**Student:** 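Please read through the structure below; I'll follow up with questions.
Computed from a predicted structure; not experimentally measured. Below, read A as the first sequence line, B as the second, and so on, with proteins coming before strands; counting in each chain starts at 1. Excluded from the calculations below are hydrogen atoms, water molecules and symmetry mates; all remaining heavy atoms, backbone and side chain alike, are included.
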Amino acid sequence: SAVISQKPSRDICQRGTSLTIQCQVDSQVTMMFWYRQQPGQSLTLIATANQGSEATYESGFVIDKFPISRPNLTFSTLTVSNMSPEDSSIYLCSVDGQATDTQYFGPGTRLTVL
Amino acid sequence: KQEVTQIPAALSVPEGENLVLNCSFTDSAIYNLQWFRQDPGKGLTSLLLIQSSQREQTSGRLNASLDKSSGRSTLYIAASQPGDSATYLCAPLNFGNEKLTFGTGTRLTIIP
């Protein structure tokens, strides 16, 4: 299994500012994923981040709004830029288990934008 | 495009009862299907993973079945306990794009 940590665990931010969320994994992984979970909703994939290449964004998500870094095989960041109240969500990172097909999730970052 | 539906959206049962959660998906070309548990405001915990070639998978009091041809999976919880209260999510992994598609979840409450 993979143990994933995220920082911060929660934050309250002002409209128009940006927040960078960190995701750290205890083992090297090829693919990392970033999800958004809006209040009362299920998870929506934002992008897939592979080390050494540009992140691949899903329909409805753009790099200018959600820039992603993947500097090595154990770490990634997601920035939520120019925030509005509609960005209030839980943001989760996940990874593929290397020895299994199980996908593991971090504890999430709860973001509230005022 | 894969679409996943979970029924019921919410369920309350007395402690000790056996229960079944349902998951249906529109695209049967899946690699596997995972069931997750999510506690309020928390991340996801993987419960069971069923490969497309399997019919069922068991872990303790949990049993998940998969009928790929009909696009259905069920999660059976035996002898429910208050600690089972959480939202349960199913997510098939599609061939080709290797992406999970999440259902809307079933919010389960076990009444002591």
**Student:** Looking at A/I90, A/I4, A/T48, A/L43, which makes the most heavy-atom pairs under 4.5 Å with chain B?
**Tutor:** A/L43
**Student:** Check whether A/Y104 and A/F75 end up in the same hydrophobic cluster, where Ile, Leu, Val, Met, Phe, Trp and Tyr are linked by side-chain heavy atoms less than 4.5 Å apart.
**Tutor:** no
**Student:** Is A/E58 in contact with chain B via its backbone, its side chain, both, or neither, using a 4.5 Å heavy-atom distance?
**Tutor:** side chain
**Student:** Can you say whether B/Q6 sits under 4.5 Å from chain A via the side chain, the backbone, both, or neither, judging by heavy atoms?
**Tutor:** neither
**Student:** Heavy-atom distance under 4.5 Å to chain B: side chain of A/Q41, backbone, both or neither?
**Tutor:** neither
**Student:** Side chain from CB out, backbone as N, CA, C, O: work out which of these in B/L89 comes under 4.5 Å of a heavy atom of chain A, or both, or neither.
**Tutor:** side chain
**Student:** Write down the atom of A/F105, the atom of B/L44, and the distance for their closest heavy-atom approach.
**Tutor:** CB-O, 3.6 Å
**Student:** For B/L100 and A/Y35, work out which heavy atoms get closest and say how close.
**Tutor:** CB-OH, 3.8 Å
**Student:** Quick check on B/Y31: does its OH atom have over 12 non-hydrogen neighbours (other residues, nucleotides or ligands) under 6.0 Å away?
**Tutor:** no
**Student:** Inspect the surroundings of CD in B/Q54 and state if more than 12 heavy atoms from other residues, nucleotides or ligands are less than 6.0 Å away.
**Tutor:** yes
**Student:** Would a distance-only check, ignoring hydrogens and angles, find a side-chain to backbone donor-acceptor pair under 3.5 Å from A/S42 to B/G103?
**Tutor:** yes
**Student:** Would you name the heavy atoms of B/G41 and A/R110 that are closest together and state the gap between them?
**Tutor:** CA-NH2, 2.9 Å
**Student:** Evaluate whether atom CD1 of A/I12 has more than 12 neighbouring non-hydrogen atoms of other residues, nucleotides or ligands under 6.0 angstrom away.
**Tutor:** no
**Student:** Run through the side-chain heavy atoms of Ile, Leu, Val, Met, Phe, Trp and Tyr, join any pair under 4.5 Å, and report what else lands in A/W34's cluster.
**Tutor:** A/L19, A/I21, A/I46, A/Y57, A/F61, A/I63, A/F66, A/I68, A/L78, A/V80, A/M83, A/Y91, A/L111, A/V113
**Student:** Does B/R61 CZ have over 12 foreign heavy atoms under 6.0 Å away?
**Tutor:** yes
**Student:** Taking all non-hydrogen atoms of both residues into account, name the closest pair between B/G43 and A/L92 and its distance.
**Tutor:** CA-CD2, 3.5 Å
**Student:** Counting heavy-atom pairs closer than 4.5 Å to chain A, which one of B/K42, B/Q38, B/R107 comes out on top?
**Tutor:** B/Q38
**Student:** Supply the members, apart from B/L47, of the Ile/Leu/Val/Met/Phe/Trp/Tyr cluster built from side-chain contacts under 4.5 Å; use none for a lone residue.
**Tutor:** B/V4, B/L11, B/V13, B/L19, B/L21, B/F25, B/I30, B/L33, B/W35, B/L48, B/I50, B/L62, B/L66, B/L75, B/I77, B/Y88, B/L108, B/I110
